[in-house]
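Both counts, for ligands and for their atoms, begin at 1 and track the order of listing.
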Amino acid sequence: MYNISEWDHVFKLDPNKTITDADLEKICTSGTDAVIVGGTDGVTFENVTDLQERLENYDIPFVLEVSDMEAIAPGFDAYFIPLVLNSGHKKWMIDVQHQAIKEYADVIEWQDMLTEGYCVLNPEAKVFERTDCSLPYEKDVLAYAQMAEHIFRLPVFYMEYSGTYGDPDLVKAVSRQLENTSLVYGGGITSEKQASEMAAFADVIVVGDVIYDNLEIALKTVEAVKSMKMKDGGPS
Ligand code: 1GP
């Protein structure tokens with residue numbers, strides 16, 4: 001299975017958004033640990049493979065977070081498969097993945113796949129609506145984290161606040177529940193301070209939208225996260 005235990009910081013690029021070659025180079029040479037390609041709307045085979053071809057110019061792992069069966073392209077270093085734990089429908093927990101495996105099992109390199117237990121915590125996020133989520137209370141989030149760790153034994157528990165900055169106290173509380181499952185935090189990071197605040201608790205910080213809104217700040221989050229992890233006890 002693909003291993004992210006050495007990652008601290010990743011950028012998430014939306015294939016449905018435009019990024020110049022110069023900006024892509026800055027992202028890929030920023031010192032981040034990997035680039036995830038993923039989005040909710042308008043993800044197509046064409047825009048995924050276009051970004052993939054451009055990422056191939058750089059010596060950095062690039063991973064496809066699968067959100068649409070029609071947009072699965074071969075040749076990524078790994079494939080992240082979200083299971084939406086707080087969705088109200090089993091479709092987003094098991095059915096879309098089942099369908100994809102029926103279609104692609106013959107060509108899947110199982111060791112390149114990594115399953116993410118997603119907990120979507122921003123009710124305004126597109127993914128929240130698309131996957132029919134309901135907003136969990138703190139004790140529900142903690143129980144989802146415990147299920148990820150002890151019941152499903154998932155490699156990743158992803159606190160997804162996409163588009164808004166989350167609650168550091170909740171991230172801290174979740175981090176205390178997880179030992180073998182990595183805690184990934186993503187959502188609304190728009191400053192170095194926020195990046196390091198979440199990096200104190202989460203294993204991996206995902207930085208997305210700010211790449212397109214303010215690249216200079218996005219780039220600074222790499223150092224902010226890396227210094228927090230050094231302070232926390234050396235490189236992870
Ligand atoms: C989105 O968690 C990522 O899937 C990052 O969120 O775009 O809000 O930074 P932002």
Practice item. Would you please indicate if the ring centroids of F11 and H9 are separated by under 6.0 Å? Key: yes

Near [X], which atoms of ligand 1 are under 4.0 Å from a heavy atom of that residue?
X    : result
S162 : 1 (C), 6 (O), 8 (O)
D209 : 7 (O), 9 (O), 10 (P)
Y158 : 2 (O), 3 (C), 4 (O)
G186 : 2 (O)

Check your understanding: Of all the heavy atoms in Y161, does at least one lie under 4.0 Å from an atom in ligand 1?
Key -> no

Point to revise | CG on L215 to CD1 on I19, rounded to 0.5 Å | key: 6.5 Å

Exercise for review: Could you walk me through whether Y185 and Y158 pass the ring-ring contact (aromatic ring centres under 6.0 Å, His included) test, one step at a time?
Suggested key: CA-CA 6 Å; Y185 171 86; Y158 191 136; 8.3 Å; no

Exercise for review: Return the residue, atom name and 0.1 Å-rounded distance of the protein heavy atom closest to atom 9 (O) of ligand 1.
Suggested key: G208 N, 3.0 Å

Point to revise | Closest protein heavy atom to atom 4 (O) of ligand 1, given as residue, atom name and distance to 0.1 Å | key: E160 OE2, 2.5 Å

Exercise for review: Return a yes/no value for K12: is any of its N or O atoms, backbone included, closer than 3.5 angstrom to an N or O of ligand 1?
Suggested key: yes

Exercise for review: Say whether Y2 and E109, considering side chains only, have a donor N or O and an acceptor N or O under 3.5 Å apart.
Suggested key: no

